[in-house]
Amino acid sequence: MQLTLVQGFLLFIVGTICQFDQQTEAFYWFRPMVAAFFTGIILGNVELGVTCGAVTELAYLGMTNVGGTVPPDPLFAGIMTVVLAYTTGQSAETALGLSYPFALLAQGIGILFKTVYSFVPHKLDKYAAEADVKHFNGLIWGVTIFEAVFCGFVIFLCSYALQAPIQAFVNSFPTWVTHGLEVAGGILPAVGLAMLLLTTLKPETYPYLFIGFVMATFLKMPNVLPVAIIGTSLAAIDYMYQKRFDEQKAEAIDDGGDSDGI
Amino acid sequence: MQLTLVQGFLLFIVGTICQFDQQTEAFYWFRPMVAAFFTGIILGNVELGVTCGAVTELAYLGMTNVGGTVPPDPLFAGIMTVVLAYTTGQSAETALGLSYPFALLAQGIGILFKTVYSFVPHKLDKYAAEADVKHFNGLIWGVTIFEAVFCGFVIFLCSYALQAPIQAFVNSFPTWVTHGLEVAGGILPAVGLAMLLLTTLKPETYPYLFIGFVMATFLKMPNVLPVAIIGTSLAAIDYMYQKRFDEQKAEAIDDGGDSDGI
Amino acid sequence: MQLTLVQGFLLFIVGTICQFDQQTEAFYWFRPMVAAFFTGIILGNVELGVTCGAVTELAYLGMTNVGGTVPPDPLFAGIMTVVLAYTTGQSAETALGLSYPFALLAQGIGILFKTVYSFVPHKLDKYAAEADVKHFNGLIWGVTIFEAVFCGFVIFLCSYALQAPIQAFVNSFPTWVTHGLEVAGGILPAVGLAMLLLTTLKPETYPYLFIGFVMATFLKMPNVLPVAIIGTSLAAIDYMYQKRFDEQKAEAIDDGGDSDGI
Amino acid sequence: MASNPTNKKGEPLQKLSKSDITRLGINSLTEQIAFSFERMQAPGWTMNMIPGFKKIYGDSKEDLKEFMTYNMEFMNTEPHMATLLQGMVLAMEEKGTDRKLIQGVRNGLFGPMAGIGDSIFWFTVLPITAGIACSLAKSGSILGPLVFIGIYLVVGFSRIWFARLGYSLGSKAVEKVGTATRYLTGAAGILGTTVIGALIPSYVSIAFQKKLVFGVGSTTVQSVFDQLLPNVLPLAVVFLIYWLFKKKHVNTIAVIGCVILFGLLMSLLNWM
Amino acid sequence: MASNPTNKKGEPLQKLSKSDITRLGINSLTEQIAFSFERMQAPGWTMNMIPGFKKIYGDSKEDLKEFMTYNMEFMNTEPHMATLLQGMVLAMEEKGTDRKLIQGVRNGLFGPMAGIGDSIFWFTVLPITAGIACSLAKSGSILGPLVFIGIYLVVGFSRIWFARLGYSLGSKAVEKVGTATRYLTGAAGILGTTVIGALIPSYVSIAFQKKLVFGVGSTTVQSVFDQLLPNVLPLAVVFLIYWLFKKKHVNTIAVIGCVILFGLLMSLLNWM
Amino acid sequence: MASNPTNKKGEPLQKLSKSDITRLGINSLTEQIAFSFERMQAPGWTMNMIPGFKKIYGDSKEDLKEFMTYNMEFMNTEPHMATLLQGMVLAMEEKGTDRKLIQGVRNGLFGPMAGIGDSIFWFTVLPITAGIACSLAKSGSILGPLVFIGIYLVVGFSRIWFARLGYSLGSKAVEKVGTATRYLTGAAGILGTTVIGALIPSYVSIAFQKKLVFGVGSTTVQSVFDQLLPNVLPLAVVFLIYWLFKKKHVNTIAVIGCVILFGLLMSLLNWM
Ligand SMILES: OC[C@H]1O[C@H](O)[C@@H](O)[C@@H](O)[C@@H]1O
Ligand SMILES: OC[C@H]1O[C@H](O)[C@@H](O)[C@@H](O)[C@@H]1O
Ligand SMILES: OC[C@H]1O[C@H](O)[C@@H](O)[C@@H](O)[C@@H]1O
């Protein structure tokens, strides 16, 4: 099925809004679950949107921008999976595979913006030095909205305007490339996790990493909540000991002081 | 099959003895496993008694009177399940369901006694003030035996004398009521556990609750023993630290005191 | 199939080398995995050697000489399993069963040597008192090589020279004896473990024994590595606390001393 | 502690023999006799100790009066733990310890000790014994009940051992009693709480009907809870009731009533 | 701390009202606005606090200059934690705390707090919410996205609560802020690391092709790794990348590039 | 410690070079040579260190006599740990440390170190290596034994590293050696005990025959034990033997004899 111009335009709007949300991380509308739902509404097939959203959400769970990194884009993946399932009539799973290059494209755009925008803080420094709140805020909002609109426009292009050529380009990828990108996609979440370890991993926390790992490897859990429960429990136990250590010390000092009188 | 008068009378005796045991919690003869066994002997079908005892015991495992609460009565459940299986020829499982109202009846009686008997300690206070051991002990034994005999008699009524009308009454319950009581029965053990938490749950022990919960949820264990083993291990580890804290403190005080001389 | 004299002789050499390695525990060539491999090469059927090695290795995993004990001999088991599979044409598993008496025989020889050799250190004491390094080292190497060669020779006998009579003797065992020895073989590793507990089990480490036991009983793990990981994690956590205890103490002493001046 | 304590008649206190303590252990099989919501185990608690007390204090009515009166205060703990405490009380009486202190120890301990006792006897010994007996009994073998009865004979008479343990603990310096009980309640709390945590999923059963779905779509309600955390409903119910007890001071009977109403309602709605 | 702190104009500082803090919480929904690799969240971080700061310091341009300038330093943390820190900063500003100290607290905390925030929001809330929503959505029911949107509305506006928490923490004596944050980061580290440990096997997927065998024999390559330790490859990859970051100071883009090349190579070799 | 220690000839002690330590590591591949129940590893232990000792003390026969004699005392530990201890001993000899102290360190450590060494080498490295090798070898591939041999070459020559570690530990102040070894044995104990706990169910196999039932009923004997606690029999056997060793001081050969008799008996009765 083909998209109409109106649908293309509505996708531009949804894309812009969700991309703005992706930049601020305010309400998580950039996640496939939500973006695909909106896309489904626009295309007049809510069920398709919801189903594709579920499939894509699970596949992109590990794709986080923890530490300021930019992963294959979940927003583009969410929208394009629905669009491709709609236009090609393929299953959600197949469409998910086809949408992967678009997620990579958007990843590239994201990196570009976050690099180029390095000029922004320097300008802001100047406004700060003048306590010029108006220009300060203006610049901030301006560049953010520009990025959002830009991405919305790319979505418009991918889904409506340049549908044919983009798809042709995508289809020209040999299988080994597509598959290779998928393999890489499976490994990519390791980057986010390693990044996170930079802040949480210390000699004292090492043991807990392995406790979590062993739990997840050998227990059948529906999600990470039981591990979070155990993690919190272990943290609480440690907290109590640390507190007693400090109290002890405080008391010892007092007692040491008092003992003079004995 | 019908019960004979002799069998009814023997059930009265067994009921009285087991109920006395239920009040003192001396030998756990009030548990379905034992009571049903005795009932089977009386009815001349030991195997039936044993089988029904096993089924009922498992169903009433959570029915404890921890904290002085009164749950649906395991003793009545044990005896009546055998009686009903015997008289109706139904399977142990079905008889278990049919015996539930009797367990509720006995629960009511139990609550009544424990409430009404609140007059007893006041009398005992008086005897205590006079150091009148004879009356003191006499009253105690008197009321306890009375309750036991009363319950024995109710068992006699339920199983022999009023067999027909009671069953008619029970059968008049609509299914949704019986099922509703079953649902409630499934939840009731939570009362005993919550009660127990009132004494054991403290900021320091919270983490262990969740450790136990996660273990039981995700490991396939035949019973709670492995958790008790782990609980004991964790308690021992904590004990060693607590002890070191105290030793440390003691030493610190000493050292503090000694250090004057340096 | 029959073994040739050359093969018998080569087995003598391999047996001697591996037995020497068993006495020094240098490279673990005495384990069935390696010894059976060499035997397979000698018999011209490497695959048979490798397969028998795998089967035997797993069965003798628990047979360790921890604490200086002597278990049913893994080296003899490894070699004889291949030899018997080769000569009788039976499967590796059956050959493993048939080789068990040879492992027991070698166990006996091992115990004998380690007992008789108790005269050695007394002689060495004398050389030591004279600082006579040459005789000291000479005696050490002499007795060790003698034991290795002796065992190599027994292997030669079992596999080539006395093949027939030994097998006849072995076959004369009634089934209940063979099975009884197998039952005992299943229990024997408990001796090594109990021995090890003599050095590691203390009031402080008791809890960890049960943690390991429960993990292994209720988690499906391919080997003991996950437990070692958790054990290391728990050791690290304990280490951190112990260290803090000591620091605390040190500080307390200091502070106690300092407090005089306040 | 008074050196050479005497009873009110001025006679020196006597020592309890080992058989006195054994007798206490056997007596305390009836520790829970005449239980009522008013004072719970106080009657049996007091009664069990009278013979031992008389041995120590002779036939001084004055002393017995005081003893019976202060012991008739509210008391409730797990019966084996009660025996242990009774042993401690008699040991302290024998030393002529101040009754304020004895009362303090008793009142401070019966709650926490209930926790450990219940964890051990109600929540570990019972399910394991029952589990074994049921597995033997399933096919109708009388070995099942016999094993059950046998184990509980041992459990019952273990009170003799608890009486001795309590007596020897109570004979220690009061200070050590304090330290020992502090460690004991600490360890007890951890063991007890761990076991309770594990019992929640196996004792409490609450789940929505298998076929109950949300208005839209075909996902069942229960599957969503299972997706969140298996056994989350039992856990939630226990915490809800705990909270009702702790913060709202709702009484037990009312809670049981609510549970029954809830069950009926769920049944009527065909939700569970 | 100066008693009766004033702004540069000599006017006494004003107190923030509860609604000022609420407003801070709402403002901070845009804390990550204008993100760039150069200073990351600094622009949004600064912008969000301006209204509150003005309330305290009045329209003293001098003070605002200083405030905006020192806040424009590099900043990156998990957004909810940022809100909490913003609350602390404003509370400290209100007390006229030395800016060196404020900066110290901020710079010392944003890293560790990112750890806990990411563990909670990215790695616990997201997969659980997604899991539930997906299970509802599988059959096409709009309940799935609606639940997702609903939960994240709550998560979004929870910033109001984080702002209040931060503000009340920051109002404490500076010393206590120190102790509190030390305990917090300790606990956070443990929770975060445990969760990350568990995510490694479920988020990172790397395995050799099912049919890939060693040249000789028919044992598959992957089965050997599984024999050693299931999920050992994901674990190894995470540690490898961690090591590249930590010891070799490789930058993120380079690592991502290597991962992609590696994927292509494995695909070409038909190994994965 | 004497400043400028000398040998009996009055010559100053020499320093060991790195290659001397490497040589010690290689020598100690034969640490267990001439093993007998009388002194166990003493001969190899002594022999391995002679070259290093001669390097330090020159050709002073007097010193060598003393050295060889005190080292010929009973000694038994895990071979890699022995290497580590040898390194420590030579380092202390080099500093002219009092031999009483050296002996103290050695005798205090060889037991606990055996615990950790055995846990690591016998009970972790061996089963894992064997597991991997067997999975490769199952189908007859020579990769299995080759991998096994390869890993154990590394394990064997790791003694060089252990010698160095021991030497550097021993060079520290004696006091620090004490602290380090205390922490080491603490951690070792925990790791070792955990691993042993896990090995009990997988190494010790004891179970009643599948078809063995009690006289009455059809429940099998083994199912009752499984109902109580899976693997309870292996656990019980290990504790029984442990108790025989610890409390009854039964010797190993006697225990092995009993086990064999027990096995024959069970086989005869057709119980196992
Ligand atoms: O909970 C403490 C205690 O309460 C009541 O007295 C009885 O139900 C006992 O069985 C229980 O142990
Ligand atoms: O890792 C901290 C932080 O880094 C970036 O700012 C964003 O990706 C946030 O989502 C993340 O929480
Ligand atoms: O148990 C310590 C030690 O004892 C003996 O010397 C040998 O069996 C070694 O393999 C073992 O490591």
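Letters A, B, ... are given to chains in the order of the sequence lines, protein chains preceding strands, and every chain is numbered from 1.
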Residue selection (most heavy-atom pairs with chain F, distance under 4.5 Å) from [options]:
options: C:Thr232, C:Val191, C:Val120; result: C:Val191
options: C:Thr64, C:Ile211, C:Val214, C:Asn223; result: C:Thr64
options: C:Leu219, C:Val143, C:Leu139, C:Leu124; result: C:Leu124
options: C:Val183, C:Leu193, C:Thr51; result: C:Leu193
options: C:Trp141, C:Trp29, C:Phe218; result: C:Trp141

Which atoms of [X] approach chain F - backbone, side chain, both or neither, heavy atom under 4.5 Å:
X: C:Ile111; result: both
X: C:Met33; result: both
X: C:Val227; result: both
X: C:Phe27; result: both
X: C:Asn65; result: both
X: C:Phe146; result: neither
X: C:Phe20; result: side chain

I'd like to verify something: which residue of [options] has the highest number of heavy-atom pairs under 4.5 Å with chain C?
options: F:Phe67, F:Phe157, F:Trp243; value: F:Phe157
options: F:Met40, F:Arg159, F:His80; value: F:Arg159
options: F:Leu64, F:Asp63, F:Ile128, F:Val195; value: F:Ile128
options: F:Val204, F:Leu153, F:Thr46; value: F:Val204
options: F:Gly192, F:Gly156, F:Ala187, F:Pro43; value: F:Pro43
options: F:Val238, F:Ile132, F:Leu264; value: F:Leu264

First locate atom [atom1] of [X], then atom [atom2] of [Y], and finally report the distance between them rounded to the nearest 0.5 Å.
X: F:Met72; Y: C:Lys126; atom1: CE; atom2: NZ; value: 13.0 Å
X: F:Ile196; Y: C:Leu201; atom1: CD1; atom2: CG; value: 8.0 Å
X: C:Ile187; Y: F:Leu233; atom1: CD1; atom2: CG; value: 9.5 Å
X: C:Asp21; Y: F:Leu29; atom1: CG; atom2: CG; value: 9.5 Å
X: C:Thr217; Y: F:Asn231; atom1: OG1; atom2: CG; value: 4.0 Å
X: C:Leu197; Y: F:Ile241; atom1: CG; atom2: CD1; value: 10.5 Å

Looking at [X] and [Y], would you say the former's side chain and the latter's main chain have a donor-acceptor pair under 3.5 Å?
X: C:His179; Y: F:Met266; result: no
X: F:Thr193; Y: C:Tyr208; result: no
X: F:Gln32; Y: C:Gln23; result: yes
X: F:Ser267; Y: C:Trp176; result: yes

Within the structure provided, determine whether [X] and [Y] are in side-chain contact (heavy-atom separation under 4.5 Å).
X: F:Thr194; Y: C:Leu209; answer: no
X: C:Phe213; Y: F:Leu229; answer: yes
X: F:Phe148; Y: C:Glu57; answer: yes
X: C:Thr115; Y: F:Ser36; answer: no
X: F:Ile142; Y: C:Glu47; answer: no

Lys/Arg N to Asp/Glu carboxylate O, F:Arg39 vs C:Asp125, below 4.0 Å = yes
Give a yes or no on whether [X] atom [atom1] has more than 12 heavy-atom contacts from other residues, nucleotides or ligands under 6.0 Å away.
X: C:Phe150; atom1: CZ; answer: no
X: F:Asp59; atom1: CG; answer: no
X: F:Phe225; atom1: CZ; answer: no

By side chain to side chain contact (heavy atoms under 4.5 Å, CB included) - contacts of C:Lys114 (at least two apart) = C:Val70, C:Glu147, F:Phe35, F:Phe37
Partners passing side chain to side chain contact (heavy atoms under 4.5 Å, CB included) against C:Ala92 (at least two apart in sequence or in another chain) = C:Cys52, C:Val55
Give the minimum heavy-atom separation between [X] and [Y], together with the two atoms involved.
X: F:Ile260; Y: C:Ala184; result: CA-CB, 3.7 Å
X: F:Thr124; Y: C:Ala228; result: CG2-CB, 3.9 Å
X: F:Met68; Y: C:Ala131; result: SD-CA, 4.1 Å

Does any donor atom in the side chain of F:Tyr183 or C:Asp246 lie under 3.5 Å from an acceptor atom in the other side chain?
-> yes
Classify the angle between the aromatic ring planes of C:Tyr28 and F:Tyr152 as parallel (below 30°), tilted (30 to 60°) or perpendicular (above 60°).
-> parallel
